[in-house]
Every structure is written in structure tokens, then in C-alpha cells.
Engineer: 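Dropping a structure here in C-alpha cells format, bear with me for questions.
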Amino acid sequence: MQILGILIPVSLGLGGLGLLAFIWALRGRQYEDPKGDARRILSSEWDDHPKP
Amino acid sequence: MSDAALHDHDGRLSACPACDAAPLAQRIAGAKGGQAEVILSLPTIHCATCITDVERVLNRHPGVREARVNLTLRRVTVDAPGLTAEELIPVVESIGYEAHELDPAALSASAADRQGRDILMRIGVAGFAMMNIMILSVAVWSGAEDATRDMFHWISGAIALPTVAFAGQPFFSSAWRALRHGRLGMDVPISLALVLASAISVYETLHSGHHAYFDAAVMLCFFLLIGRYLDYRTRAVARSAAEELTALEVPRAFRITPTGDEPVPVAELRPGDLIRIRPGARIPADGEIAEGSSEIDRSLLTGESIPVAAGPGLALSAGEVNLTGPLVMRVTAAGRDSSLARLTALVAAAESARGHYTGLADRASRLYSPLVHLLAFCSFLGWYLATRDPRLAVNVAAAVLIITCPCALGLAVPAVITAASGRLFRRGMLIKDGTALERLAEVDAVVFDKTGTLTMGVPQLVSLDPIPMDARPLALALAQGSSHPLSQALTQALREAGTEPAALADLREVPGHGIAGTWQGRAVRLGRADWLGAEHGDATLSASWLSLGQGAPIRLEFSDRLRPGAEACVERLLGSGRRVLLLSGDAAPVVCDLARRLGIAEWRAGVTPLEKAQALRDLGAQGLHALMVGDGLNDTAALAEAHVSISPASALDAARTASDIVLMGSDLVPVAEALDLARSARRRIKENFAISLGYNVVAVPFAIAGFATPLMAALAMSLSSISVTLNALRLR
């Protein structure tokens, strides 16, 4: 049962990490243009020299 | 229920303070640097290449700091201090994309965005908590005992209580409001279930009980928030598109002052002002012509399809279109006194009468929530009287509340409406009102307006035959020189016949009359009958006359072009057994001709706006649910009076505001399809109610008998939510 002492915090920590990532994406306005973001990856405009 | 919930959303503290701060900071930055951002609408962009093209060409333009395309909203935001939309539009148009200026003040996007992010944030938190608690609950369900079970319950509680307090906030505040007004909305049983489930679980955990409902409480929040988010999305998409239509029309007038013309907002016009009206422009206020002569298109106001000749002294109303010559108009009534504003007041009166429609969801919750409370209370009372054990009785009552909680019911309507309006949106229809789809499903009579609705309001040459072959190049050369709709129709017809224009000398437009030129020493003219010395007679069609300098002038007849899909749409409506009526303000022969062509038996001509509204009211009195399709100012009152209404995007702002659904494309067929889709959507909603009720009917006896376990609650809740969503997606 000692394993629980490690596993529960680990699972909570991983879940929390996911939550933080979601909040970060939400704050970064990454849900503003889902259609456009899906298409942008197809453009080769910034492939060789990343957008400054 | 959800409508009120969304409105009050603004009043509360936001779930994400940073989301509030960011737009605020932007607004402050924007205020300092003047109008640094220009927003353009790009209706034709659709792919990755379009995004790159537009951004590249704008970023290369001197003075542009940053351009960012939003494909979802089909807009580009350009950060360019000192540049105006007039300078940027040609840049985008030079690479072949249509662009229009949007009035940033009319777009309240930031407030709506904040609301959406707020709900998303709560869904994220509830989802995280649900997953973690589930991991612990699975262990408990599969047999964890004693100290282990207690520890798992404690950890679950530590996650669940803050989550319920945060994610359940929309339900708590909406339930509190409902209670204060003495109503029982859907949110009251939801809140009660959340609070009771949390409280009983804490109590059970403290006394090392077997059952804790932390997982159920959080899961409830999660599923219901998804329903609420779907509901919000549907509204937000419709609202932003409707706002965009409004923002496209930046209402300005050109006032004549001693120092020259100055553009002023229409709201600042005063009676007595002189304003200049360019050819092709809409008249911004009521008044009379002071100088100039032209022709006036009144179709949006009266439904007349033939333009009227205009000279000094003629009275003009706001909403008419000046066709050929520049005019100077003296304003007699502006703003609140204009005929436009009087019609708007009519519309407001009619709309307030329609505001009482209760949707299926509201009707369901009205039946449902008293029943749920009664059931829970009865089981508490029964168990208490039977066993004298308050702990057991409360446990059973909480289980009943959780099992019956309208989790799937909260998803039943939004999931279907989202699927249906997404489908309609792809067919070019925009739903502005939440209950419009349900009202559309009840329609059994369809009333059409003629000009601009069944027809395009654009003339079309009936036949090229009257023009001799050798005169065609001449006619084309004359017609090309004018922007009058009849000339443009003639130009198009001749071009399609492969005619090349002749070389004309001395080409000049005589406003209000026509266009004249010289060809090999002969004066050639194209224009109105009286100008060329011909008789127009009492013909039903609009006509233009061509004079070749010798012989009698040639009569060219034009008919109004039918809107694409009009025939198919009317045929489908008649085929489905609905009554189809045609009400037009135009002259009887034209209306009769069109009605015969489309096979509409019931038609009336020369109908005034008030008579149209009265006709709709009469239909309502006969117990019919009428759908009104119209575009003009003369239809506005009728649009608001009808059970549900549709207007094309080309309609006047006032008409679009009054209608529930806006047709974005020019094809009319989607109207007939929408009626069928609305019917199947209503069927799906009812099926969804049946599904969620079915789960309850099976599970409630277990709960009342005291056999319900947290595992059963979790299973019933997730299964019913998923099956309801899947059923909604089945919609075709």
C-alpha cells in the first residue's frame, strides 16, 4: 500500500499539469481561430526561416 | 432558462482574470494610439493559401505593423497606425479577395469571447477533477475498504468541493435568481443535487460511510457545462455574424457646408440640412430633392419594381436608392421622426407580442423540476417514517436527486440545436434566435414577398430580338456608359451574345433620362420613353428605349430576374402540403405573372406594409403558424408579426433585425430544406427527452428503494449523456 503514497500524488500532479496546459492555451488565445490554426500548418511560408 | 443564465453571466466575477485584463489592456493601448487597428471582413477566404496571401500582401504594405487573419470569423485585423480601411481594401482586392470595412464599435466580440472562455475554463477544471476522482472511485467500487476507502474519499472530497464551488457557479447563481422570482427552473434541482450530494458525501466521509457521491457531483457539473457551452457557441456564432452584417453598413451622409462637403453620421442630420446623394447610394433620411434629376428605386419600401423619375420637389424617404444622377436633398425628417424610425416602432410592438414563446426545453423543465423535488421529498419522508433514521433517509433522497438530475435533459436541446444550426449555417442560413428552429418546425403556411425575395430585384432583358444585328454594337457602347440597372442588364445580355462595342463619340449621361452619343454623325440615344418621344403605355414590364437617330425608337423590355431556386423552393413547399401565399406592394399584372409562373394560387398585389402585417395576424388568428420571407422595409412589420421569419442578406438592416433567420446566399432552396431540417430537429429533441426520461424511469425505482450506489449514478449519468449526444449527431 505504500505505493499509493507515490502514485496518488503522481496522478494528481500529471492531471494538474494537463489543467495548467489548458489554462495556458486558453490565456494564449489559442481557441480564437480553430479553423485558421488547422490550416496554417499547411502553409510553407515560415518553414525555412521561422517567423520573427 | 439558459438565455437568462447567459445574460447574467456578465455580472459575475470572471473565472479567468487574465482574460478580462487582456482585452482591457488592448482597449487602453488602442485608445492611446488612436484608431490603430482596422478590421476588414473577407467573405471569400477559405484555405491555407488565402491566409498566407492576405497576410503577406498586407505585411509588405508600407505602414502595416502586423496583419492577422482569423479564418473562423473570416476577418483580418490589421495593426497599421495612420492607415484607413479605404487605403487597405484595394491592397487586399488587388490579389483577388473581396474585402469590406467593419465598424469595430459595432463588434462586441471581446465581451462574448470572455464569456466563452469563462465557460471553457470551468469545463476544463471540472474535467480535470472528474478524471482524478474517477481514478479513486474505481478503486472504491472495486472493493477498497476501511482506511483505504476513507483516504480515497478524503482525497476525492478535497478535489471535488472546490471544483463544485467553482464550476457550479453558473448553476447556483441562476438557481438563486429563479428562486428569488418565485420560479423553479432547471437550475434549482441541479443546484440542490450538487449541494446535497456534496454535503452528504462529506458527512459520510466523516463517519467512514460506504457511499460518497463526489464523483457524481463533479460529473454532473462537467456534462451540464458542456450543454451550456454548446448553447453559448450557437448563439455566439449567430450573433457575431449578425453583428458583422450590421457593421458592414457604416451609415454616413455627405452634408453640404459653405466650406465643402463633409461626411457626417446619419444620426447627426437635422431637418433643413442639405445633403448630397451620389448615384447608387441609399437615401439616409426623409426629405425632398433640391437640385438634380435622377431615377429612384423604391422597391425596398413599396415593392414597386419600376424605377421612378425624380426631379426637384419630389419627396424621398429613407431607404430608397438613387440610381443615375447626383442629387442634392433637403432633409425634412431625420432620426426618430423619419419613416424608417416609425416602421421600427411598429416592429418593436409586434416583437414584444412574440416574446412569450416558450421553447421545448422550458416546457420540459416546468414539468420536470416540481416532479423531481416531490419525488426526492417523498422518498425522504417515506424512509424516515419507516426507519426513523435521518441519515439513511437523507442518503436516499440525495441518491434520488442525483439519479433524476436532468443531466441529459440539459444536453438534449443544445446538442440538437448546435448540430442543426451548424448544418443550416453550411447551407447559408444563419439562426439569430434560440427558439427559431422550434418555431420553424411548426410552420404550415409560407408567405413570400416578391421584389428582392422571390426575384432578385435586378432586371433582366426579356429578349434581344428587337435589336437588329447591326445596331447591337451601338447599343452595347451606349449601355456600357451608364451604371443604371437597366443599362447594366442590357450590357450583360449583349456581352453574353458575343457583341463587341462600337466606337462612339461624345458619350454623355443625362441624369434621369438616359445616355446619348454620336455615331458616324448620327445622334444615338438610350433611355426613358418620354425622353425619346415614345409612349410607355400601360405595359407591366420595365422598358428602356433605343433610338438610332432614324426610324422609330426600339422598345427593350426587362423583367425582374427570378431568384435562383425560387421555383424549386415553392414547388417543394407546395408539395409538402403547406399553404404558400404571395403578398407584394407591386402592381397587379406583374405579381399575377409571377404567381402564375411559380404556381402560387393565393396572391395579392398593391399591399401596404400595414396590410401585410394585418394579413399575417389574420393567418395567426386562423390558427396557422406562418413563416414570412421578405426583404424590404415594407415587410418589416410583417416579419416581426409572423410566427417565424427569414430575410435574405441583401435586405435592409431593419428587415434583417426583425427576422429570426438570415439567408446568406442568393439561393432560395435552403428555405424549403430548413423547414424539413427543423422538423427532424424537433423530432430528435423529443427523442432525446424520451431517452433521458427512459434512463430515469429505470434507475429511479432503485434509488427510491435505497439500492442506488454511486457506481449506478455515474453509469446512468454518463450513458444517458452520451446517447443523447450521439442521437443529436444523427441529424441529417
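Numbered from 1 within each chain, the chains take letters A, B, ... in sequence-line order.
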Engineer: What part of A/Ile41 is in contact with chain B, defined as an atom under 4.5 angstrom from a non-hydrogen atom: side chain, backbone, both or neither?
Structural biologist: neither
Engineer: Examine whether an atom of B/Thr49 lies under 4.5 Å from a heavy atom of chain A, and if so say whether it belongs to the side chain, the backbone or both; otherwise answer neither.
Structural biologist: neither
Engineer: Using non-hydrogen atoms only, which part of B/Leu136 is less than 4.5 Å away from chain A: side chain, backbone, both, or neither?
Structural biologist: side chain
Engineer: For B/Ile51, is it the side chain, the backbone, both or neither that has a heavy atom under 4.5 Å from a heavy atom of chain A?
Structural biologist: side chain
Engineer: Can you list the residues that meet the side-chain contact (heavy atoms from CB on, under 4.5 Å) rule with B/Leu161, with sequence neighbours excluded?
Structural biologist: B/Ser198, B/Val202, B/Phe214
Engineer: Keeping the roles fixed (side chain from B/Tyr97, backbone from B/Val92), state whether a donor-acceptor pair exists under 3.5 Å.
Structural biologist: no
Engineer: Is it the case that the side chain of A/Arg40 and the backbone of B/Ala48 share a donor-acceptor pair, with hydrogens and angles ignored and the cut-off at 3.5 Å?
Structural biologist: no
Engineer: May I have all residue pairs that pass side-chain hydrogen bond (donor to acceptor under 3.5 Å, both in side chains) and include part of residues 123-139 of chain B, sequence neighbours excluded?
Structural biologist: B/Ser137-B/Asp215
